[in-house]
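Below is one structure, written out as structure tokens; the observations come after it.
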2 protein chains.
Amino acid sequence: MDRQEALVQAAYELIAEHGFEGLRTRDVAAKVGVNIATLHYYFPTKEKLIRGVVGYAMGRFRTTLQPSGSPGEQLRAHFAGIRRLARTDPELFVVMGELAMRGRRDRGIAAIVRDVDIVWEKTLTALLRHAAKEGAIANPAKPDELAALIVTTLKGLFMLSGDSRDPKAIDRQLHALERLIA
Amino acid sequence: MDRQEALVQAAYELIAEHGFEGLRTRDVAAKVGVNIATLHYYFPTKEKLIRGVVGYAMGRFRTTLQPSGSPGEQLRAHFAGIRRLARTDPELFVVMGELAMRGRRDRGIAAIVRDVDIVWEKTLTALLRHAAKEGAIANPAKPDELAALIVTTLKGLFMLSGDSRDPKAIDRQLHALERLIA
DNA sequence: GTACCATTCAATCATCTGATTGATGGATAG
DNA sequence: CTATCCATCAATCAGATGATTGAATGGTAC
């Protein structure tokens, strides 16, 4: 496999496991089975490697954002898509949580996180308008504000709650959310 | 001032500023103007110091949770209380976010965070029932589920969004939330 | 074949970091 | 006065950590 990509993926997995706090370049190199100097050959600094992880994680999430399914069901499909992602790639939300926290002290990361948030909100706003027109939900007074609120809730749900909270609790909250906006 | 308390508070502030990732015992001692050995005199290990910070932060948040105001206005007062806290002590939510993330890898912290969450949810459940009885909001089918959802949203709102998002955006989302449950 | 370039490694550096040690000053009790 | 304990400090340790260096290997161009 491509070394550069393998290193990013290893770093991604280690961040998911130990947070930024526990990320060590040595561990990343070891996980790929490569010398530390090789890591520095591809990523001159640890910071550059982290940038790679940011791109990898955000790209991975972006692909989930793309609407699909029959027009009237797109909103529900969006929730289902997020929930499926949380089941298949729980690490992704852990890493995104770490990135959100880090964005507080890192302008570059903050900008990237914000961009993804905005795309997410715009997507959701469109889906809300769509669903309202189809009669699937009540017409919200301000779809964009509702979308922002929903994004906030989903972030809190998937990025902050530990897996101590079983998947059932997450499903329950998702259903409660759908009921609330219906 | 009490040394032990001063050290905890300094650590608390440094975590708010640099996250757990950037917490250094030396910096904590320096901030109090004390030798590193003195820090270790009061807290044998860094982990013990962090436990102190956990207690400090959570205690600080608990006091905000206590209901107050006229019966019919308690729900609104709760939101107002949280919002005020976010204005006067923004660091508190930063630290709580850090703790939530760390709870994923630390059973002890996870338990404490979960306890506070449960108290928060119970408080909110009672307030929702109260508000419904007073006719301030529609009677929710499952107040406890709604409460859990609101807690999730508030956590996402205050613990994940950087201050890049101006306070106005936070106010807007809070109002949208109040409108949604009314 | 030789020169060149990309990739990788073993060894090492400089610094950071949590923690320990032994000593010192001051307060208190007998 | 002296023995004892508390609080604090300067100095230091051992291990961790990000990064660098110089050499080896293998492939490609000419």
Side-chain angles (χ1 to χ4, degrees), chain A residues 1-57 94-95 98-99 101-109, chain B residues 1-57 94-95 98-99 101-109:
Chain A
M1 195 203 328
D2 184 43
R3 275 279 132 99
Q4 188 145 350
E5 194 182 320
L7 286 166
V8 166
Q9 201 166 327
Y12 167 86
E13 285 165 18
L14 286 173
I15 289 173
E17 196 172 347
H18 303 115
F20 277 109
E21 193 188 348
L23 181 65
R24 301 287 174 262
T25 53
R26 273 172 169 77
D27 298 340
V28 175
K31 185 154 192 164
V32 179
V34 130
N35 191 282
I36 317 172
T38 301
L39 184 152
H40 278 97
Y41 174 75
Y42 291 102
F43 301 94
T45 67
K46 186 184 183 183
E47 212 48 44
K48 290 271 170 63
L49 174 64
I50 289 177
R51 292 308 154 124
V53 173
V54 174
Y56 176 75
V94 181
V95 174
E98 292 282 341
L99 291 178
M101 295 302 293
R102 185 164 243 251
R104 220 178 280 276
R105 297 157 232 131
D106 185 322
R107 295 204 146 281
I109 289 183
Chain B
M1 199 201 325
D2 184 45
R3 274 279 132 95
Q4 189 146 345
E5 194 184 320
L7 287 165
V8 166
Q9 201 166 328
Y12 168 86
E13 286 164 18
L14 285 173
I15 289 173
E17 196 172 347
H18 303 115
F20 277 108
E21 192 188 349
L23 181 66
R24 301 288 174 261
T25 52
R26 275 173 168 74
D27 298 341
V28 175
K31 186 155 191 164
V32 179
V34 132
N35 191 281
I36 316 172
T38 301
L39 185 152
H40 278 97
Y41 174 75
Y42 290 102
F43 301 95
T45 67
K46 185 185 183 182
E47 212 47 45
K48 290 271 170 62
L49 175 63
I50 289 177
R51 293 307 154 126
V53 173
V54 174
Y56 176 75
V94 181
V95 173
E98 292 282 341
L99 290 178
M101 295 303 292
R102 185 164 241 249
R104 219 179 278 277
R105 298 156 229 131
D106 184 323
R107 295 201 146 281
I109 289 183

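Since the model is a prediction, treat every value here as computed from it, not as a measurement. Just so we're on the same page: letters track the sequence lines, and every chain starts at 1.
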Any idea which of [options] is nearest the [X] side chain?
{"X": "A37(A)", "options": "dT20(D), dT8(D), dT20(C)", "result": "dT20(D)"}
{"X": "T38(B)", "options": "dC9(D), dA19(D), dA19(C)", "result": "dC9(D)"}
{"X": "R26(B)", "options": "dA19(C), dT7(C), dG18(D)", "result": "dA19(C)"}
{"X": "I36(B)", "options": "dT17(D), dG18(D), dA19(C)", "result": "dA19(C)"}

Calculate the interatomic distance between [X] atom [atom1] and [N] atom [atom2]; express it in whole Å.
{"X": "L7(A)", "N": "dT8(C)", "atom1": "CG", "atom2": "C1'", "result": "12 Å"}
{"X": "D2(A)", "N": "dA6(C)", "atom1": "CG", "atom2": "C1'", "result": "14 Å"}
{"X": "L14(B)", "N": "dT17(C)", "atom1": "CG", "atom2": "P", "result": "12 Å"}
{"X": "E21(B)", "N": "dT17(D)", "atom1": "CD", "atom2": "P", "result": "13 Å"}
{"X": "F43(A)", "N": "dT20(D)", "atom1": "CZ", "atom2": "C1'", "result": "18 Å"}
{"X": "H40(A)", "N": "dT17(D)", "atom1": "NE2", "atom2": "P", "result": "13 Å"}
{"X": "R24(B)", "N": "dT17(D)", "atom1": "CZ", "atom2": "C1'", "result": "11 Å"}
{"X": "H18(A)", "N": "dT17(D)", "atom1": "NE2", "atom2": "C1'", "result": "16 Å"}

Can you give me the closest heavy-atom contact between V53(B) and V8(B), atom names plus distance?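 What the structure gives for the nearest pair is CG2-O, 3.7 Å.
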Less than 4.5 Å apart, side chain to side chain, heavy atoms only: is that true for I109(A) and R51(A)?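 With C-beta onward as the side chain, the pair touches.
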R26(A): what forms a side chain to side chain donor-acceptor pair (under 3.5 Å) with it, not counting sequence neighbours? none
Across the strands shown, which category fits L23(A) at heavy-atom distances under 4.0 angstrom: base, sugar-phosphate, nothing?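 Result for L23(A) = sugar-phosphate.
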Remember a base hit wins even if backbone is also touched, and classify Y42(B) as base, sugar-phosphate or nothing at under 4.0 Å, heavy atoms.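 Touches sugar-phosphate only.
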Trace of the side-chain contact (heavy atoms from CB on, under 4.5 Å) decision for I50(B) with D106(B): CA-CA 12 Å; I50(B) 289 177; D106(B) 184 323; over 6 Å; no
Short side-chain N/O contact from [X] to OP1 or OP2 of [N], under 4.0 Å:
{"X": "Y41(A)", "N": "dT8(C)", "value": "no"}
{"X": "R3(A)", "N": "dT8(C)", "value": "yes"}
{"X": "N35(A)", "N": "dA10(C)", "value": "yes"}

NZ or CZ of R102(A) within 45° of F20(A) ring axis and under 6.0 Å: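 Because its charged atom sits under 6.0 Å from the ring centre and within 45° of the axis, R102(A) does stack over F20(A).
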Toward the 5' end of DNA chain C, which comes first, G33(A) or P44(B), by nearest nucleotide?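 By nearest-heavy-atom nucleotide position, the 5'-most residue is G33(A).
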